[in-house]
Amino acid sequence: MADTGRVRGTPHEIALLAGGPRAAVTVAVVALHLRGAVEAGAPGTVRAVDGEAGRALPPLPAPGSEPGALTGAMRAAYLESAVYHRLAEPSAIRELVRDLDIRWAVAELRVGLAEAGMLRYPLLGSTRAARRRLQVLRKAVPAAGEQARPAGRRAAARRRPARRDRAAGPRAPLRPPGGTDRAGEPPPPAPAPPLAPR
């Protein structure tokens with residue numbers, strides 16, 4: 001198994017690097033669910049539960065104020081807090097990503113990753129070090145239903161479909177165009193051309 005001890009960062013940051021904002025929000029929802037702060041709502045939705053776990057989350061800073069020096073854990077707590085407050089009314093995870101407070105919290109996660117050298121500032125794309133971290137994690141923990149892949153050229157050749165299995169392009173029709181069917185019947189009429197817009 002690969003050494004993952006040198007991979008630092010919160011699960012939220014790793015999810016943001018690997019899968020983008022939606023993955024980071026999903027990790028926040030799972031973390032809240034494990035603490036009992038949210039539960040399943042109507043089909044396809046999640047809702048907040050009024051309890052001690054939700055009250056323990058830090059309040060979000062006021063708009064326009066500087067949050068000060070933040071750690072990765074504090075940024076992750078802000079993301080969880082934003083998600084928890086948005087789930088006061090049941091929502092699907094894909095809707096959560098559009099919320100302004102959640103977008104701010106995800107942007108704060110990105111800033112923290114940029115400060116740590118995991119994202120480039122102009123476009124906030126991942127750096128080589130971040131891609132290496134993700135590669136170490138993917139080798140250590142394969143995705144569900146996926147086995148660890150053997151390395152090497154032959155292993156890569158085994159993963160590719162054989163040339164005969166690939167689609168080579170359109171296949172020839174069973175009968176020649178404009179000809180007769182094998183039983184001697186004429187071909188079916190051509191479809192009518194589409195109507196022109198008015």
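Hydrogens, waters and symmetry mates are skipped; everything else that's a heavy atom, side chains included, is used. For reference, positions follow the sequence shown, starting with 1.
- Between L96 and the choices T26, V46, V29, D101, the side chain to side chain contact (heavy atoms under 4.5 Å, CB included) rule is met once, by V29.
- Across all their heavy atoms, P58 and S81 have their closest contact at O-OG, 2.7 Å.
- Across A37 and G54, no two heavy atoms sit closer than the pair CB-N, 4.2 Å.
- One finds the CG atom of L16 at 6.0 Å from the CG atom of L109 (value rounded to the nearest 0.5 Å).
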What do the steps show when you test V49 against V38 for side-chain contact (heavy atoms from CB on, under 4.5 Å), and what is the final call?
-> CA-CA 5 Å; V49 175; V38 298; 5.5 Å; no
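- By the 4.0 Å N-to-carboxylate-O rule, E89 lies too far from R47 to be salt-bridged with it.
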Worked check of side-chain contact (heavy atoms from CB on, under 4.5 Å) between V136 and R132 = CA-CA 6 Å; V136 166; R132 264 191 245 123; 5.7 Å; no
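- Considering CD of E80 and CG of L32, their distance stands at 5.0 Å, rounded to 0.5 Å.
- When the shell of 6.0 Å around CZ of R103 is examined, it contains 12 or fewer heavy atoms from other residues, nucleotides or ligands.
- If you run side chain to side chain contact (heavy atoms under 4.5 Å, CB included) between L113 and each of E13, E108, R75, only E13 comes through.
- To the nearest 0.5 angstrom, T45 atom OG1 is 10.0 Å from I93 atom CD1.
- Considering CG of L60 and CH2 of W104, their distance stands at 6.0 Å, rounded to 0.5 Å.
- Residues D50 and R55 meet the side-chain proximity criterion, which asks for heavy atoms closer than 4.5 Å.
- Looking at every heavy atom in both residues, A24 comes nearest to L79 through O-CD2, 3.8 Å.
- A heavy-atom distance below 4.5 Å is not found between the side chains of V27 and T10.
- Atom CZ of R98 and atom OG of S91 lie 10.0 Å apart (nearest 0.5 Å).
- Separating the CZ atom in R35 from the CD atom in E52 is a distance of 12.5 Å, to the nearest 0.5 Å.
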I102 vs V97, side-chain contact (heavy atoms from CB on, under 4.5 Å): CA-CA, chis, key distance, verdict | CA-CA 6 Å; I102 294 173; V97 180; 5.7 Å; no
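- Put simply, the side chain of Y84 never gets that close to the backbone of A53: no donor and acceptor are under 3.5 Å apart.
- The number of heavy atoms from other shown groups lying within 6.0 Å of NE2 (H33) does not exceed 12.
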